Amino acid sequence: MIIEALIAVTFAASIAVLLAPDRVAGRLAAALSLLPVIGSLYMWSRFDATGNALMGGDIAFETMVPWLELGGYTLNWHVGVDGIGLPLVVLTTLLSTLAIVSAWTPIDDRQSQFYGLMLFMEANLLGVFTALDFFVWFVFWEAVLLPMYFLIGVWGGPRRKYAAIKFFVYTNIASLAMFIGFIALVFGLGDSVSSLDMPAIAQALRAGELGSLYGIPAATLQSVAFVAMFLGFAVKVPIVPFHTWLPDAHVEAPSPVSVMLAGVLLKMGTYALLRFNFTMMPETATAFAVPIALIAVISVIYGAMLALAQQDLKRIVAYSSVSSMGYVILGLIAYTTYGVGGATFQMIAHGLISGLMFMSVGVIYNATHTRMVGDMSGMADRMPVTTGILVAGAFGYMGLPLMAGFAGEFFIFKGAFESTVTGAMPLFTAAAMFGIVIVAGYLLFAMQRTLFGAFRLETDYEVGPAALHETVPLAILLVTIIVLGVAPDLFFGMIQDAVNPLLEFGGELA
Amino acid sequence: MPLQSQLPAWAAVAPTLLLGLTALVLLIVDSIDPDSTRPTALAGISALGSVAALAVAGWFLLAGTGQTGTGGAIELYGGSIIVDGLSLFFTVIFASVAAMVSLASYDYLRDRTYQAEFYALVMLAATGMSLMGSSGSLATVFVSLELASLPSYALVAFLKNNRGSVEAGLKYFLVGAVSSAVFAFGISLVYAVTGSLLLSEVASTIGSAGDFVGIAGVGIVMIAGGFAFKTASVPFHFWAPEAYEGAPAPISAFLSSASKAAGFAVAFRVFAVAFPIDAVVPMGIDWPLLFAVLAVVTMTLGNFAAATQENVKRMLAYSSVGHAGYALIGLAALSGGGPNGAIMGASMAHLLVYGFMNTGAFLFIAMVEHWEVGRTFEDYNGLATQAPVACLAMTVFMFSLAGLPPFGGFLSKYALFYGAIQGGFWWLAAVGAINSALSLFYYSRVVKAMWIEDPSGSFDLGATPLGIYVAVLVAAVGTLVLLPAFGPVVETAQSAATALFA
């Protein structure tokens with residue numbers, strides 16, 4: 001019942017904060033959001049799942065009760081976590097609390113609504129990463145969009161209305177494509193499944209029980225559904241060429257919301273790709289290995305190039321997410337322990353690091369009211385602690401050893417090199433690794449110009465060190481990044497345990 | 001323990017009687033003390049009466065009264081009145097909407113005269129609707145339809161110093177009168193062919209219509225026209241935007257939710273029972289096809305018209321035409337031997353959810369009218385800064401009407417489209433899904449105006465109207481709770497609908 005408790009407490013907290021007066025909303029939200037953090041850490045300490053939740057493994061904290069029946073399909077309230085879901089749950093609760101605290105300074109209008117929506121989003125995100133019934137999962141998945149729409153649209157920058165609508169329309173259409181693809185699969189399975197239970201469907205699909213539907217042969221149906229779902233999730237990830245909503249959304253969103261967007265919401269896309277496309281239809285995935293790997297490499301290189309061309313610190317970090325998510329896709333398509341496991345690990349690592357980056361850019365913006373690289377110089381003089389943390393985060397992004405980003409990228413590259421899904425994988429990997437050079441390029445370039453040198457910023461107010469409540473979340477994130485970099489096994493062991501069952505299929509890639 | 005073994009058979013119509021009695025009590029209260037306006041007492045009696053009817057109908061429904069498990073439908077007056085799962089299910093819808101509308105009217109009617117008459121008319125209309133759901137004969141169908149319609153005409157024109165209201169009432173009345181005539185003529189043609197008005201007898205004789213197939217066909221089409229009027233479906237929909245816009249907002253809520261549902265209650269029973277597909281379609285009278293065409297045209301036309309409105313109330317009026325199109329799937333996707341109970345049940349469940357979300361949306365408009373904010377999207381700009389909780393409720397209604405999770409409207413639309421696909425009408429579901437996606441455009445415009453746009457002027461909202469506020473919150477909670485509680489709702493609806501096809 002702990003998962004239900006976690007979700008319910010977060011929902012209740014969101015309502016409590018919504019009804020609280022603006023004055024106390026920020027503090028109250030932070031305090032209440034500690035409850036899910038404690039809950040998720042408790043889950044982590046008592047975690048005892050083995051194997052993959054969708055492949056017949058033992059699921060931790062599992063609940064399954066019938067909800068309703070529609071046309072012969074049972075919908076269940078089915079939740080639980082395995083080694084893939086749990087790290088993301090921990091990431092969600094931790095990052096939510098830190099984002100809420102970091103919002104104390106910039107959010108000065110309609111606070112109770114802001115924090116209420118943040119907690120509402122957190123509750124739904126927890127649902128996404130724990131639901132094991134497609135229908136329940138889809139309800140949470142869609143429900144995440146609503147608070148995000150408001151968070152960008154109400155508290156965002158000058159072009160917030162455009163960005164909010166664009167985000168909403170893109171992700172909604174993507175969800176529809178994915179939904180249709182998945183339902184086509186369920187109908188194609190015919191009598192071999194009687195529910196929308198994800199484990200049941202995954203096992204039926206892997207057992208090759210898909211039949212033809214409305215005269216479409218099974219093989220075609222599976223390919224079409226795979227593509228529809230891939231496109232649906234690709235928008236969320238986002239992968240080039242579906243990434244154009246992301247910079248708009250990030251730039252207009254207030255920094256704490258960007259933290260959630262980059263840190264957790266993008267992971268919904270890669271998580272869903274892993275759970276649905278790569279777990280349920282491995283043959284189709286490997287059949288499409290070359291185009292998928294190509295898309296991954298293009299995302300890495302093109303995203304990095306775009307970041308290189310930006311003048312706005314936040315845009316730089318935003319485009320770098322496109323690039324990092326490309327690595328995750330590369331790891332997933334590799335279909336090796338290190339590839340898929342590394343991709344999952346990288347989801348966590350990127351969540352923490354991009355959260356750190358957005359948060360520190362937000363702190364600098366709060367102090368200077370600008371994000372343009374050309375406008376500022378020598379910030380290190382005035383904000384030494386923030387600068388130090390930002391530099392450390394940037395090194396994490398570049399993959400400095402002993403930081404979480406290094407572990408994730410290293411696992412992915414190792415896994416991708418070893419991969420045999422297509423003969424060209426080493427080539428793709430080598431090309432993707434070139435992305436690291438560009439990443440280092442734009443991050444060093446941006447930091448060189450903004451942080452170091454003589455202080456120069458034309459303002460009529462004093463620019464000083466950040467407040468304590470702005471620095472502490474950054475410090476916590478940095479510590480977490482280093483801890484995970486030094487001891488990736490805190491999570492990597494359970495991830496591998498959940499990933500390994502996925503790799504045994506068709507006898508060729510065992 | 002089956003209820004009918006403990007209570008006399010007539011007790012089965014207790015919910016309908018309760019609604020009618022409430023109307024009488026209101027009239028008595030008014031005749032004893034006609035001059036002083038007692039808004040609290042009148043609204044209270046009206047709301048309590050509806051809640052009592054709701055409670056009894058709900059209790060009967062849960063106890064299985066008139067359902068297959070406890071001996072089947074209870075027939076009164078030789079089958080002219082039938083109490084079964086379908087009639088009780090729809091009574092639950094009417095009574096919930098009537099309760100919310102009564103509650104909301106308390107503030108809306110403040111300082112107006114003829115309050116007792118207003119509530120009495122609402123209760124009489126609700127009685128008529130409830131009777132429509134129980135009608136087992138074309139005669140009772142007609143009488144109850146008129147009982148529901150006549151008070152509605154008066155209610156639409158209730159603001160008698162307001163040009164729009166009177167015009168709307170007149171238009172509604174004229175179209176209603178014509179469609180009643182068409183409907184009555186259709187009944188007479190069916191009677192001419194079958195020699196009976198009882199639905200079950202019509203069903204057993206219509207198969208041997210022989211040379212009179214043409215007459216029966218014309219009769220059925222004319223009856224369908226009468227329903228199209230009541231449910232605001234194309235081509236008899238054009239009264240709806242005018243009437244909903246001109247009427248007092250609580251009455252718009254009442255008509256667009258309860259009255260529409262009543263039209264469907266009767267249509268479901270008449271077409272499923274009196275004109276069985278297996279007998280009628282081979283004769284060349286393909287009424288599911290007729291409804292399929294109506295459904296597609298209605299939802300498309302309603303949605304496109306809604307998308308071009310600048311006035312929120314009008315937008316909602318057209319969107320309610322669109323929703324009639326979705327509900328029509330419950331008749332359109334029927335076929336000989338298909339999963340008909342599941343499809344019609346899904347449609348009924350959608351009407352229940354719709355009863356909450358659409359009533360809530362119109363009641364929110366009533367609140368905005370009470371605040372004298374204005375009616376266009378622009379007037380709504382920045383409203384959330386002044387009334388966040390009410391705007392949150394409106395957001396719930398808008399997204400639920402658009403069919404987004406995590407609200408009740410998502411699941412009910414899902415069940416509806418899913419049923420259509422199961423019945424082999426995947427193209428109908430596709431048109432519905434596309435329309436539903438389109439509707440997000442204009443529903444989200446309201447949300448955007450309230451939350452994201454900056455206020456164009458300053459608001460002076462004054463005191464919160466408690467009655468409307470509570471009614472809106474009740475509707476919002478209902479819309480939310482209907483997602484997790486959708487299981488029993490849809491199962492009840494489907495078993496009630498399946499009983500019709502037995």
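Here is how names work: the chains are called A, B, and so on, in the same order as the sequence lines, proteins then strands, and each is numbered from 1. Just so it is clear, the structure is predicted and the values come from calculations on it, not from any experiment.
Contact detail for B:E491 and A:E69: the closest heavy-atom pair is OE2-N, 3.6 Å. Scanning all heavy atoms of the two residues, the minimum distance from A:F168 to B:L440 falls at CE2-CD2, 3.9 Å.
When heavy atoms are compared at a cutoff of 4.5 Å, B:A433 does not approach chain A at all. B:L392 touches chain A through its side chain: at least one heavy atom from C-beta onward sits under 4.5 Å away, while N, CA, C and O do not. Proximity to chain A is absent for every atom of B:F441, based on heavy atoms less than 4.5 angstrom apart. With a 4.5 Å cut-off on non-hydrogen atoms, A:F140 does not touch chain B at all. Using a 4.5 Å cut-off between heavy atoms, A:I152 does not touch chain B at all. In this structure, chain A has heavy atoms under 4.5 Å from both the backbone and the side chain of B:E453. Neither the backbone nor the side chain of A:I180 has a heavy atom closer than 4.5 Å to any heavy atom of chain B.
Looking only at side-chain heavy atoms (C-beta outward), A:Y149 and B:K448 come within less than 4.5 Å of each other. Two residues are said to be in side-chain contact when any heavy atoms from C-beta on lie closer than 4.5 Å; A:F138 and B:F410 meet this criterion.
Among B:S444, B:P406, B:P405, the residue making the largest number of heavy-atom pairs under 4.5 Å with chain A is B:P405. Of the listed residues (B:P484, B:P388, B:A437), the one with the most heavy-atom contacts under 4.5 Å to chain A is B:P484. Between chain B and the options A:P66, A:S175, A:G153, heavy-atom pairs under 4.5 Å are most frequent for A:G153. With chain B as the partner, the residue from A:L176, A:L146, A:D109 showing the most heavy-atom pairs under 4.5 Å is A:L146.
In this structure, B:W426 places its CH2 atom where only 12 or fewer heavy-atom neighbours from other residues, nucleotides or ligands lie under 6.0 Å away. For B:D454, the CG atom is densely surrounded, since the number of other residues' heavy atoms within 6.0 Å is greater than 12. Atom CD of A:E4 has more than 12 heavy atoms from other residues, nucleotides or ligands within 6.0 Å.
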Quick one: do B:L404 and A:N172 satisfy side chain to side chain contact (heavy atoms under 4.5 Å, CB included)? Show the steps, please. CA-CA 10 Å; B:L404 287 192; A:N172 241 316; 4.1 Å; yes
Candidate pair B:Y414 and A:I183, rule side chain to side chain contact (heavy atoms under 4.5 Å, CB included), full reasoning: CA-CA 11 Å; B:Y414 171 83; A:I183 291 297; 4.1 Å; yes
B:W451 vs A:Q113, side chain to side chain contact (heavy atoms under 4.5 Å, CB included): CA-CA, chis, key distance, verdict: CA-CA 11 Å; B:W451 292 92; A:Q113 291 166 28; 3.2 Å; yes
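Residues of residues 335-356 of chain B lying under 4.5 angstrom from chain A, judged on non-hydrogen atoms, do not exist here.
Residues satisfying the ring pair (Phe, Tyr, Trp, His ring centres under 6.0 Å) test with B:Y443, not counting sequence neighbours, are none.
Aromatic ring pairs are classed by plane angle as parallel below 30°, tilted from 30° to 60° and perpendicular above 60°; the pair A:Y73 and B:Y418 is perpendicular.
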